[in-house]
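To start, the structure under review is shown below, and the notes come after it.
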Number of protein chains: 2
Amino acid sequence: MTLDRRKRKILESVIKDYVETAEPVGSRAIVRRHALNVSAATVRNEMADLEEMGYLEQPHTSAGRIPSQKGFRYYVDCMMQSEVLSDEELDLLQKYLQEQAQEWQQVFYSVGQFLSQVTNYASFVILPPVKISQFQYLQLLPIDSGQALVLLVTDVGIIMHRRIDIPEDIQPEDLQAISNLFNRALRGRRLEDIYRSDLQLLREELKDRRRVIDRTLDTVEALLSQTGEEKVFISGALNILREPEFKDLEKIRRILMIFEEDELFKDVIPQEVSNTVDICIGRENESEEMQEMSVVFAGYHTGREMGRVGVIGPMRMEYWKAAGTVESVRIIMEAFLRDNMR
Amino acid sequence: MTLDRRKRKILESVIKDYVETAEPVGSRAIVRRHALNVSAATVRNEMADLEEMGYLEQPHTSAGRIPSQKGFRYYVDCMMQSEVLSDEELDLLQKYLQEQAQEWQQVFYSVGQFLSQVTNYASFVILPPVKISQFQYLQLLPIDSGQALVLLVTDVGIIMHRRIDIPEDIQPEDLQAISNLFNRALRGRRLEDIYRSDLQLLREELKDRRRVIDRTLDTVEALLSQTGEEKVFISGALNILREPEFKDLEKIRRILMIFEEDELFKDVIPQEVSNTVDICIGRENESEEMQEMSVVFAGYHTGREMGRVGVIGPMRMEYWKAAGTVESVRIIMEAFLRDNMR
DNA sequence: GTTAGCACTCTCTTTTATTGAGTGCTAAAC
DNA sequence: GTTTAGCACTCAATAAAAGAGAGTGCTAAC
């Protein structure tokens with residue numbers, strides 16, 4: 001499992017060159033471009049060894065070598081040095097964040113934009129599901145004669161709303177009373193608990209009361225029913241069109257469709273995330289369609305919840321750059337959320 | 001400018017076959033597939049005429065003919081019979097609308113989904129800019145100690161909100177008083193007028209009053225500053241990957257990037273829209289990137305505002321189907337908005 | 001253990017033939 | 001005058017053949 005110094009150097013050279021050129025790398029090219037003090041023939045012997053060990057493979061007999069999935073894995077595990085963000089990139093990220101600091105969701109969007117711009121891969125930011133946060137506040141507001149707004153605010157300041165019809169004769173005080181009713185019953189409860197049980201109880205309790213209460217209950221239920229979903233921001237998905245290994249339009253279409261459909265996409269990214277950068281290479285991905293792609297990602301905390309952030313690119317990926325960028329972004333984003341939001 | 005019966009029949013045959021197969025159409029194929037009571041030689045002569053007149057063109061000498069842009073234009077203007085939605089399609093549209101009827105914006109999204117699914121082209125729905133609608137209602141709501149929500153509701157029920165910091169000691173009644181202040185001053189005014197002038201006046205008038213008022217003014221201004229944008233829903237953009245004429249990945253990327261960026265996209269669709277279906281074929285489009293695509297669109301009314309809806313596909317498009325579908329959708333959507341919303 | 005040398009392999013590119021769909025033109029038929 | 005059969009001709013697309021070149025694996029010498 002452990003390789004000697006020279007083999008490692010050669011493996012690294014193959015990876016670097018292949019990532020850059022997308023072409024198989026030959027022995028001569030390696031001695032020329034990387035200061036190996038040996039001849040091409042020696043490199044050839046070493047490469048033959050590396051192939052036998054499974055770290056390299058040959059598209060056909062008379063071609064150079066390309067790194068195998070196992071080769072990338074070894075590199076990532078045992079040799080890679082993450083490349084940290086440059087000062088310019090840090091400035092850029094700060095600018096992105098500054099500009100869009102007002103709205104909670106905008107922060108994630110900006111981070112995604114930054115990630116895809118800096119890495120040239122598709123980036124994603126998956127927000128923690130809303131259902132874990134707490135009910136803080138419900139307010140019924142009259143908007144028009146016969147219409148009211150049901151407004152629901154969570155402890156992290158997420159706001160949901162929907163309009164309902166109400167009888168014309170109802171007074172603002174009544175609406176306020178109903179709001180208070182809900183607030184007394186639900187304040188501080190987790191949304192998922194409310195959805196699962198509290199709402200039922202409340203419904204029992206309030207049976208045969210006013211129509212508006214029923215409507216409100218229904219509306220709250222409808223609003224909560226969506227809180228299980230995790231919002232996804234994807235940027236730079238079209239970058240894969242630039243990768244020379246993707247020529248098959250039907251394959252591209254399938255991948256882009258996953259990027260388009262949040263529900264599909266979420267299943268592509270592993271659920272269990274740690275706080276450190278994790279990497280799935282090629283067939284390590286569970287998803288059928290992602291067998292030729294790699295995912296570099298990390299979990300991030302927003303208070304007690306956890307979201308996921310990362311990039312997706314071809315297996316022939318600049319892992320060092322991607323890993324460093326994702327890691328930096330994770331840290332800066334966490335800090336930003338802690339300091340500027342709520 | 002006017003073609004005799006037989007020439008029209010032949011032009012139509014070429015268009016139908018070419019749209020279906022994406023291959024140049026030969027004289028023999030025409031007599032075989034369409035019940036022309038003449039020989040291939042006759043058709044050849046007619047086709048030569050049509051080519052000379054500019055309605056057909058030949059990729060190379062020994063190929064069949066394909067319709068030129070002018071040919072499509074003639075067909076669309078003088079021969080086309082729009083194909084109305086089938087009963088199943090109408091049912092499907094109803095289902096889409098029923099399911100998503102709750103939220104104003106969802107309606108447009110559903111309509112877009114339907115359009116792209118039925119036509120297999122990319123669809124778009126451009127919403128009228130919010131700024132034309134009227135200020136109905138502003139409410140300051142305390143959420144947390146030191147935080148309040150500024151809530152702005154328009155006459156068509158669009159809701160905008162943002163959180164602001166407020167002094168801890170401020171009372172709910174104060175917030176209500178400030179809300180009332182704004183409401184008295186702004187109710188019924190158009191958002192764009194408020195943004196352009198009223199807000200300035202109000203600022204003068206309220207100078208040196210409480211900090212919260214200032215904050216609120218700033219927030220309202222910030223909210224209104226975005227109301228000039230027209231929201232765009234696009235569906236089925238990836239359908240273009242299926243069209244055989246699009247093989248060049250760089251070209252595809254440029255087109256998809258336009259679909260991704262609302263600001264770019266809006267410029268691709270003509271501004272002046274009537275209430276009937278309009279068609280831009282190939283180079284009739286102003287946009288550089290859309291020279292090989294066609295747009296079938298119509299304007300729709302939502303009260304006094306006007307939005308745009310339509311589909312985008314290759315020049316080799318089923319115009320009859322697209323035009324009929326867009327027209328039906330426009331009518332049904334207008335009716336639905338009128339009856340179910342507000 | 002390392003390296004020069006060389007035969008060998010296999011893709012990629014270029015060249016050459018072959019095929020076939022489709023045209024345009026001419027002359028005869030209607 | 002219009003239509004049609006017939007035929008030579010054109011040109012892309014496909015297939016087959018030839019050539020070039022990058023790179024390997026192996027052998028033998030250092």
Side-chain angles (χ1 to χ4, degrees), chain A residues 3-11 13-18 20-68 71 244-245 247-248 316, chain B residues 3-11 13-18 20-68 71 244-245 247-248 316:
Chain A
L3 300 176
D4 70 40
R5 192 181 186 73
R6 193 167 65 190
K7 283 204 174 55
R8 289 161 65 104
K9 177 71 181 160
I10 289 172
L11 175 58
S13 302
V14 173
I15 287 178
K16 293 270 171 169
D17 282 11
Y18 177 65
E20 189 179 327
T21 64
E23 298 288 332
V25 187
S27 53
R28 274 181 55 83
I30 286 186
V31 283
R32 212 181 321 121
R33 299 195 18 141
H34 305 269
L36 281 266
N37 295 323
V38 291
S39 74
T42 309
V43 174
R44 273 203 290 284
N45 290 331
E46 295 284 47
M47 284 168 101
D49 290 353
L50 283 167
E51 180 171 4
E52 192 156 1
M53 289 187 257
Y55 297 110
L56 296 180
E57 48 198 38
Q58 230 174 346
H60 55 267
T61 331
S62 71
R65 304 295 206 300
I66 64 177
S68 66
E245 46 263 75
K247 293 235 172 68
D248 177 351
R316 184 185 58 77
Chain B
L3 301 176
D4 68 42
R5 194 183 184 72
R6 193 168 64 191
K7 284 204 173 53
R8 289 161 65 103
K9 177 71 183 160
I10 289 173
L11 175 58
S13 302
V14 173
I15 287 178
K16 293 271 171 169
D17 282 10
Y18 178 65
E20 187 179 328
T21 64
E23 300 287 332
V25 187
S27 53
R28 274 181 56 84
I30 288 186
V31 284
R32 212 180 321 121
R33 300 199 12 144
H34 305 268
L36 281 265
N37 296 321
V38 290
S39 75
T42 309
V43 173
R44 273 204 289 283
N45 290 331
E46 295 284 47
M47 282 168 101
D49 290 353
L50 283 167
E51 179 171 6
E52 191 155 2
M53 289 187 259
Y55 296 110
L56 296 180
E57 48 197 38
Q58 230 174 347
H60 57 266
T61 329
S62 71
R65 302 296 205 301
I66 65 178
S68 67
E245 46 264 75
K247 293 238 173 67
D248 176 352
R316 184 185 59 77

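We name chains A, B, ... by the order of the sequence lines, and we start the count at 1 in each one. Everything numeric in this text was worked out from a predicted model, so none of it was measured.
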Q | Identified side-chain contact (heavy atoms from CB on, under 4.5 Å) partner of A:Y55 from the options A:E51, A:M53, A:E52 | A | A:M53
Q.
From the set D:dT4, C:dG24, C:dA4, return the single nucleotide nearest to any side-chain atom of A:S39.
A. C:dA4
Q: Start with the C-alpha distance between B:I10 and B:H34, add both sets of side-chain angles, then the distance that settles side-chain contact (heavy atoms from CB on, under 4.5 Å), and finish with yes or no.
A: CA-CA 9 Å; B:I10 289 173; B:H34 305 268; over 6 Å; no
Q. So what is the end-to-end bend of the helix from C:dG1-D:dC30 to C:dC30-D:dG1, with 5 pairs used at each end and the value given to 10 degrees?
A. 20°
Q: Among A:E46, A:R44, A:R32, find the one that has a side chain to side chain donor-acceptor pair (under 3.5 Å) with A:S27.
A: A:R44
Q | Rounded distance in Å - CD (B:E23) to P (D:dA12) | A | 14 Å
Q | Per-nucleotide protein contact string for nucleotides 17-23 of chain C, where B marks a base within reach and S marks sugar-phosphate only (heavy atoms under 4.0 Å, - for neither) | A | ----BSB
**Q.** Interatomic distance where CZ belongs to B:R6 and C1' belongs to D:dG1 [whole Å]
**A.** 12 Å
(Q) For B:E20, is there an ion pair with B:R316 - N to carboxylate O distance below 4.0 angstrom? (A) no
Q.
Looking at A:D4, I'd like to know if its CG atom is crowded, meaning that more than 12 non-hydrogen atoms belonging to other residues, nucleotides or ligands lie closer than 6.0 Å.
A. yes
Q) Do B:E57 and B:R65 meet the salt-bridge criterion of a basic N to acidic O distance under 4.0 Å? A) no
Q. Can you find a heavy atom in the side chain of A:V25 that is under 4.5 Å from one in the side chain of A:I30?
A. yes
Q) Atom CD of A:E46 to atom C1' of D:dG23: distance rounded to whole Å? A) 17 Å
Q) Can you check the B:I10 CD1 to D:dT3 P distance for me, whole Å? A) 10 Å
Q | Atom pair distance, as rounded to whole Å: NE2 in B:H60 and P in C:dG24 | A | 12 Å
Q.
In this structure, how many angstroms lie between the C1' atom of D:dT2 and the CG atom of B:N37, rounded?
A. 15 Å
Q) Is the number of heavy atoms from other residues, nucleotides or ligands within 6.0 Å of CG (A:D248) greater than 12? A) yes
**Q.** Trace of the side-chain contact (heavy atoms from CB on, under 4.5 Å) decision for B:L36 with B:T42
**A.** CA-CA 10 Å; B:L36 281 265; B:T42 309; over 6 Å; no
Q: Could you state the atom-to-atom distance from CG of B:D49 to C1' of D:dT3 in whole Å?
A: 14 Å
